[in-house]
Amino acid sequence: GFSLTTGEALASGVPAIVPSDEVFKTVYAECPAVSLCRLDASDEWLVAMRALASLDVNQREILSQQAREFVESRLSTTVMN
């Protein structure tokens, strides 16, 4: 299984940085608001955090909307049931 925390964050419009393991890649790879990073590559995590921190207000709003749309189209109870 996988943690629901990422889906809950995305549903709230919060982008996520997650490990690039098979579970996260399978569920979240197509979401533009998710950055996948190798566990042993701290530089990838740093780049992903800096990229999010450097977004302007408009870019953050677009990413937030994309996160919510992803959850509605891929993870909602309507889709999952």
Side-chain angles (χ1 to χ4, degrees):
F2 66 95
S3 169
L4 295 177
T5 307
T6 304
E8 291 169 348
L10 295 171
S12 298
V14 177
I17 303 171
V18 299
S20 62
D21 65 21
E22 289 306 311
V23 173
F24 282 106
K25 285 193 289 190
T26 299
V27 178
Y28 297 110
E30 294 182 29
C31 181
V34 172
S35 297
L36 296 159
C37 301
R38 291 175 295 152
L39 283 175
D40 62 346
S42 58
D43 58 319
E44 290 180 11
W45 293 83
L46 182 59
V47 167
M49 287 185 277
R50 283 185 173 157
L52 287 176
S54 69
L55 295 175
D56 66 30
V57 173
N58 292 330
Q59 292 169 317
R60 283 194 305 266
E61 184 55 39
I62 290 168
L63 200 59
S64 180
Q65 184 62 34
Q66 290 172 327
R68 288 188 295 269
E69 288 172 358
F70 177 84
V71 171
E72 289 175 11
S73 67
R74 304 287 179 91
L75 303 177
S76 69
T77 55
T78 305
V79 175
M80 300 296 277
N81 286 332

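Placement of Leu39 and Ile17 within a single hydrophobic cluster is found when ILVMFWY residues are connected by side-chain heavy-atom separations under 4.5 Å, directly or transitively. When the side chains of ILVMFWY residues are joined at heavy-atom separations under 4.5 Å, either directly or via intervening members, Val14 and Leu4 end up in two distinct hydrophobic clusters. In terms of hydrophobic clustering, with Ile, Leu, Val, Met, Phe, Trp and Tyr side chains grouped at heavy-atom distances under 4.5 Å, Trp45 and Leu55 are assigned to a common cluster. Linking ILVMFWY residues whenever their side-chain heavy atoms come closer than 4.5 Å, directly or via other members, leaves Phe70 and Leu63 in distinct clusters.
Atom CG in Leu52 sits 10.0 Å away from atom CZ in Arg60 (nearest 0.5 Å). Taking CG of Leu10 as the start and OG of Ser64 as the end, the distance is 9.5 Å to the nearest 0.5 Å. A distance of 9.5 Å separates CD of Glu44 from CG of Leu36, quoted to the nearest 0.5 Å.
When atom types are taken as modelled, the side chain of Tyr28 and the backbone of Ala33 share no donor-acceptor pair closer than 3.5 angstrom.
Annotation for Val71 and Gly7: closest pair CG2-O, 3.7 Å, computed over non-hydrogen atoms. Here the closest non-hydrogen pair linking Gly13 and Pro15 is O-CD, 3.7 Å.
You'll find the side chain of Val27 reaches within 4.5 Å of the side chain of Leu75, heavy atoms only.
Environment of CD in Glu30: sparse, with no more than 12 heavy atoms of neighbouring residues, nucleotides or ligands closer than 6.0 Å.
For the side chain to side chain contact (heavy atoms under 4.5 Å, CB included) criterion with Pro32, the lone passing option out of Glu69, Gln66, Gln65 is Gln66.
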